[in-house]
Structures are given as C-alpha cells and as structure tokens.
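Values reported hereafter were calculated over all heavy atoms of this structure, with side chains retained and with hydrogens, waters and symmetry mates removed. It should be emphasised that the depicted structure is a prediction, and the values quoted were computed from it without experimental measurement.
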Amino acid sequence: MAENKWVVESRRFRNAEEYQAALRDKELIDSITGSFKLNNPKDIEMLYLKLKEGQYTFESVVGRQFDDNIYELYQKIQQEEVKEKEKKAAQKEKRKQQIQKLVKCPSKHQKIENRTKFEDFDKNMQGRIIEVLRKKERKRRILVAGCLFLCIISFGYLGAYYQVSAKSAREFEELSALKEAGAQGRYSGNKKVEIHFTNKDIALPDILPEYEKIYLKNQKLIGWVKIDDTIIDYPVMQTVDNEYYLNHNFSQEEDRNGSIFMDYQCDVVKGCDNIILYGHHMKSGRMFGSLNKYSQESYYEEHPIIQFDTIYEKGKYQVMYVFRSKVYSEEDVTFKYYQFINAASEMEFNSYLNEMAALSLYDTGVTAVYGDKLLTLSTCDYQEKKGRFVVVAKKIS
C-alpha cells in the first residue's frame with residue numbers, strides 16, 4: 001500500500017527521490033499551463049521554443065511526457081502552415097492558367113508575346129480578368145478563414161482534452177489516497193450498503209474500509225483493479241448497462257477516456273463464474289491502453305498477477321489466457337468470450353476454457369477447473385474492425 005504515496009499523474013514511482021522529482025515537474029507544468037494557452041498556436045510555438053532552448057528543465061517521465069505533447073502540438077501547427085502555403089501556391093498557379101484561358105488570339109496566325117501586360121488588353125478583357133481575380137480572392141479568403149477556424153477548434157479541443165485528462169489524473173490520485181487511508185483504518189463509516197442487481201432479502205457484507213469513503217462519492221463503485229508496476233490502478237464502476245461509463249469518468253462527467261467498468265450482468269454478491277471488466281485502449285496508455293503489452297510473453301512473466309478487489313472482498317488473480325477476438329453479430333455462431341459470465345454446467349465451463357486456450361497467444365501453464373472464479377479484462381484491439389484484446393485470469397486468493 002505504501003507505493004500509492006508515490007503516484008503522480010497516474011504514474012507510479014519506485015522511490016521517494018523519483019516521486020519528488022515528478023512532483024517538481026508537475027508543479028512546473030501547472031505553472032507553464034497557467035502562463036500559456038494550449039489552444040493558442042502562437043503560445044504553443046513560443047512554449048516550444050522555450051523548451052527547445054532549455055528554459056524549462058524536467059527531471060522525470062511526467063515532465064518528458066508533457067514536453068512530447070507540446071512537440072506534437074507544434075509539429076501539427078507546422079504541418080498546417082505548410083499545407084496553407086501549398087494551397088496558396090496552387091491557387092496562384094490556377095489563377096494564372098485561368099487568366100491565360102481568357103486571352104483569346106484574334107487570329108490563328110497572330111501570336112501573343114509571353115510577357116503580355118495587363119494594359120495591353122482592351123477594357124472589356126481587363127474587366128473580365130479583374131472579375132475572375134476578385135472571385136478567386138473571395139474564395140481564397142473564405143478558405144483561409146475556414147482553415148483558421150478549424151485550427152482554432154482543433155487546438156481548443158486538444159487543450160480541453162489535456163485539461164480534462166489532467167483533472168482525471170488528479171482525481172485518481174485523490175481516490176488512491178482515500179483507498180490507502182481506509183486500508184490503514186483512518187476511516188470507517190460502518191455503513192452497510194446495497195447495490196443494484198441484488199434482491200432486498202439478500203444479506204450484504206460490509207464494504208471494505210478502504211472503499212467506504214470512495215463509495216460515498218459515487219455509489220456505482222463496485223471494486224478496484226490494479227496490476228503492479230503498470231499504469232493500471234483504477235476504480236471499477238458498474239451500472240445498469242455497458243454504455244454509460246464508456247464516456248463518463250468517476251465524477252460522472254463526460255470524458256472520452258471513460259472509466260473501467262464491470263459488465264452489468266456480473267453480480268459480485270451472488271457470485272459468478274467469470275467477472276468481465278471493460279476499458280478503453282487509449283493511446284496515452286490510460287485505462288486499458290497498456291493491456292495489449294500482454295501480447296509479449298515476457299511481459300506476462302513480469303506481470304503474472306492481477307489484483308481485483310470488489311468493494312466487499314479482496315482478490316488476486318493469476319493470468320491464464322491472452323488472446324485476440326472481436327465483437328460478432330448476433331447471427332454468428334462462434335465463441336463469444338463476452339457472453340461467458342456463468343456456465344450452466346461443468347461441461348459448458350470446460351468448453352469455454354478450451355475455446356480460450358485455443359485462442360491464447362502462448363501457454364502460461366495455468367489451468368482452471370469447474371468451481372474456480374475467473375476475471376476477464378477486455379479492451380479494443382485495432383488490428384481488425386471491432387477487434388478486442390483479452391486477458392483472462394484465475395482467482396488464487
């Protein structure tokens with residue numbers, strides 16, 4: 001639990017020295033974002049130059065990630081400027097060609113010199129040329145205004161996304177701190193609670209102390225998933241469908257990162273054979289963005305254990321299968337891992353295991369028997385349309 005003290009921007013650090021360096025970087029980043037508007041191209045360019053000149057120095061991966069983000073924003077600005085110059089050059093050439101088309105030879109045998117001056121044309125032709133140029137200029141201005149508008153919208157979106165992501169990261173740090181405080185016995189409301197999916201006449205266990213205070217903030221909390229030495233260390237939510245937490249965070253605000261959530265059909269009180277957790281595969285690595293690292297057997301060997309606590313009970317799971325699948329149509333008659341929550345019999349349970357073993361990217365040597373409890377982590381896989389990357393683990397304690 002002590003490791004939770006060394007978390008900054010959802011990144012865990014191995015010792016106090018690295019943690020302090022990350023805190024200093026975070027403080028510097030907050031100062032920078034207070035001075036520069038990240039949705040303003042000029043501010044982005046100025047900040048990039050200052051970073052390039054070494055006016056700001058970072059000490060940890062938190063700072064280096066921020067530096068990389070600013071570099072990407074600057075590169076996008078440069079690309080937009082190059083595209084704009086290319087458009088202007090193309091428009092200039094097109095205008096030249098159109099003006100040349102307007103110039104008609106009075107006879108087949110009469111040649112027009114290459115260096116024809118505007119004054120050489122009669123008034124009627126001059127008027128036609130000016131009209132064409134004015135129309136082109138109006139179109140050019142409209143196009144430039146449209147491009148600038150799109151750039152402003154794009155940078156505004158990127159700036160807003162960064163701010164929302166930073167806010168979510170701070171929120172996870174606060175929740176992690178609450179969890180640690182509860183585990184150390186610093187909070188106990190002795191509150192017996194009741195969640196959806198359970199009948200009124202079922203006696204519910206008490207919530208574990210580390211989750212009591214977090215639960216009071218959002219009663220859709222159902223547990224917490226963590227994989228040591230990775231970014232995966234998040235609260236797990238559950239509601240009446242598998243849609244809401246695709247684009248809402250713990251505070252129930254709209255957030256494209258979404259949240260880690262449990263399949264609505266799973267019941268942690270009555271129990272089920274297989275608990276399924278879903279999370280987005282974010283390019284930033286957030287949520288389940290790093291889950292596909294399990295495609296390498298060496299990564300599995302370094303991270304064989306997944307800790308998943310429900311709000312009522314702690315649990316450790318050992319990774320058993322790693323495979324790629326997809327979301328199939330209702331008409332497809334094939335194994336659909338996301339429909340495996342409870343097996344009707346031992347034969348059906350073993351059939352599910354055989355299907356997953358056949359898909360697994362490598363043999364972990366871990367097996368299960370009827371009666372064992374499983375945990376499935378699922379995220380998107382972009383190798384195919386509607387692809388999914390899946391990690392299945394067996395409960396060992």
Side-chain angles (χ1 to χ4, degrees), residues 29 31-56 65-167 247 254-257 282-284 382 385:
I29 290 170
S31 173
I32 292 172
T33 55
S35 302
F36 294 89
K37 296 180 180 179
L38 299 185
N39 59 352
N40 187 322
K42 291 184 178 179
D43 277 14
I44 290 295
E45 184 175 2
M46 187 181 301
L47 176 55
Y48 167 78
L49 293 175
K50 287 182 178 293
L51 290 170
K52 186 177 180 181
E53 292 169 359
Q55 293 189 29
Y56 299 109
Q65 181 64 56
F66 176 78
D67 195 321
D68 290 343
N69 290 341
I70 297 302
Y71 175 78
E72 290 176 3
L73 287 173
Y74 177 74
Q75 289 297 315
K76 186 168 184 178
I77 293 173
Q78 296 299 304
Q79 291 172 4
E80 292 293 338
E81 290 180 353
V82 170
K83 289 180 180 178
E84 185 60 26
K85 289 180 180 178
E86 292 175 349
K87 287 181 180 179
K88 288 181 179 179
Q91 289 171 352
K92 184 177 180 181
E93 180 61 24
K94 191 173 182 180
R95 284 199 302 271
K96 181 179 178 182
Q97 293 175 358
Q98 288 178 337
I99 291 174
Q100 289 176 347
K101 288 180 181 179
L102 290 174
V103 181
K104 303 293 184 179
C105 295
S107 69
K108 294 182 180 180
H109 305 289
Q110 183 178 358
K111 295 182 180 181
I112 299 178
E113 295 182 358
N114 292 332
R115 296 183 178 180
T116 305
K117 296 181 179 180
F118 180 75
E119 292 79 6
D120 295 336
F121 298 112
D122 59 34
K123 291 184 178 180
N124 183 43
M125 182 60 69
Q126 289 178 359
R128 293 173 64 185
I129 293 173
I130 291 173
E131 183 181 355
V132 169
L133 291 176
R134 284 176 177 173
K135 287 182 179 180
K136 291 300 177 182
E137 180 63 18
R138 283 197 297 270
K139 290 182 179 179
R140 186 191 70 81
R141 290 179 179 179
I142 292 172
L143 181 61
V144 170
C147 290
L148 289 174
F149 178 75
L150 290 175
C151 286
I152 292 171
I153 293 296
S154 298
F155 285 117
Y157 174 79
L158 288 173
Y161 172 67
Y162 178 80
Q163 291 174 353
V164 170
S165 297
K167 180 181 177 182
N247 54 12
E254 286 196 13
D255 185 342
R256 66 190 296 263
N257 289 285
M282 304 303 294
K283 292 183 179 179
S284 63
Y382 301 117
K385 186 177 181 181

Please enumerate all residues that pass side-chain hydrogen bond (donor to acceptor under 3.5 Å, both in side chains) together with R134, with sequence neighbours excluded. none
My understanding is that only residues two or more places apart in sequence, or in another chain, count here; which of them pass side-chain hydrogen bond (donor to acceptor under 3.5 Å, both in side chains) with Q78? Y74
State which residues pass salt bridge (Lys or Arg N to Asp or Glu O under 4.0 Å) with R138; sequence neighbours excluded, sorted by chain then number. none
Run the salt bridge (Lys or Arg N to Asp or Glu O under 4.0 Å) test against K37 and tell me which residues pass, sequence neighbours left out. none
For E84, all residues meeting side chain to side chain contact (heavy atoms under 4.5 Å, CB included), sequence neighbours excluded: K87, K88, V144, C147
Side-chain donor-acceptor pairs of residues 47-55 under 3.5 Å, sequence neighbours excluded:
unit_1, atom_1, unit_2, atom_2, d
K50, NZ, Q55, OE1, 3.3
E53, OE1, Q55, NE2, 2.8

Find out whether [X] and [Y] are in side-chain contact, i.e. whether some heavy atom of one side chain is under 4.5 Å from a heavy atom of the other.
X: Y56; Y: D67; value: no
X: E131; Y: K135; value: yes
X: F36; Y: I44; value: no
X: Q91; Y: K139; value: no

Measuring from L133:CG to E137:CD, what's the distance to the nearest 0.5 Å? 9.0 Å
Euclidean distance, Q75 CD relative to I77 CD1, rounded to 0.5 Å: 9.5 Å
Minimal non-hydrogen separation, S284 against N257, with atom names: OG-OD1, 4.5 Å
For the student: nearest non-hydrogen atoms of T33 and L38, plus distance: CG2-CD1, 4.0 Å
